[in-house]
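The first residue in the sequence is number 1, and the count goes up from there.
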Amino acid sequence: MALTSHDIDRIANLARLELSTTESERMLTQLNGFFGIVEKMQAVDTSGIQPLAHPVAAIQDVVLRLRDDVVSECNNREANMQNAPAADKGMFLVPKVIE
């Protein structure tokens with residue numbers, strides 16, 4: 001998938017960018033280079049290959065260190081609500097932003 005200069009102009013317009021002719025040509029080259037790399041990656045047959053949970057897992061076993069799921073802090077709701085400009089029933093009240 002190769003982009004054209006018209007595509008670059010449209011993308012710049014959508015992004016509200018003003019690109020000079022030189023910048024537009026450079027962007028066209030860079031984006032087409034990026035899409036070329038993506039096409040090469042998509043051409044690789046990856047059927048039967050398990051995805052990695054971590055990049056290091058390709059060379060060694062990775063053991064995740066998980067901590068116990070325990071409560072470590074007490075309930076400070078009342079103290080936290082003292083800083084709220086407006087609160088009701090333990091919840092912050094905020095102005096309506098969507099009508």
Worksheet, complete the sentence: When rounded to the nearest 0.5 Å, the distance separating CG of Asn76 from CD of Gln82 is 10.5 Å
Worksheet, complete the sentence: Shortest non-hydrogen pair, Met81 vs Ala87, comes out as CE-CB, 3.4 Å
Discussion item. Other residues, nucleotides and ligands only: do more than 12 of their heavy atoms fall within 6.0 Å of CD on Gln50?
Written reply: no
Item to complete: Starting at CG of Asp88, measure out to CG of Leu93 and round the result to the nearest 0.5 Å.
Response: 5.5 Å
Worksheet item: What distance do Leu3 atom CG and Met27 atom CE have between them, rounded to the nearest 0.5 Å?
Response: 11.0 Å
Worksheet item: Within the distance-only criterion (no hydrogens, no angle test), does the side chain of Asn32 pair as donor or acceptor with the backbone N or O of Ala2 below 3.5 angstrom?
Response: no
Worksheet entry | Smallest separation among heavy atoms of Ser24 and Asp9, with atom names | OG-OD1, 3.8 Å
Discussion item. Tell me whether Phe34 at atom CZ has more than 12 heavy atoms from other residues, nucleotides or ligands lying less than 6.0 Å away.
Written reply: no
Worksheet item: For Arg16, which residues count as a side chain to side chain contact (heavy atoms under 4.5 Å, CB included) partner, sequence neighbours excluded?
Response: Asn13
Worksheet item: Going from NZ on Lys40 to CZ on Phe35, what distance comes out if it is rounded to the nearest 0.5 angstrom?
Response: 15.0 Å
Worksheet item: Going from OG1 on Thr4 to CZ on Arg10, what distance comes out if it is rounded to the nearest 0.5 angstrom?
Response: 11.0 Å
Fill in: Gap between atom CG of Leu31 and atom CD1 of Ile8 - 0.5 Å precision
4.5 Å
Discussion item. Just checking Glu18: does its CD atom have more than 12 heavy atoms from other residues, nucleotides or ligands closer to it than 6.0 angstrom?
Written reply: no
Worksheet item: Any donor and acceptor pair, going by atom type alone, linking the side chain of Ser20 with main-chain N or O of Glu23 inside 3.5 Å?
Response: yes
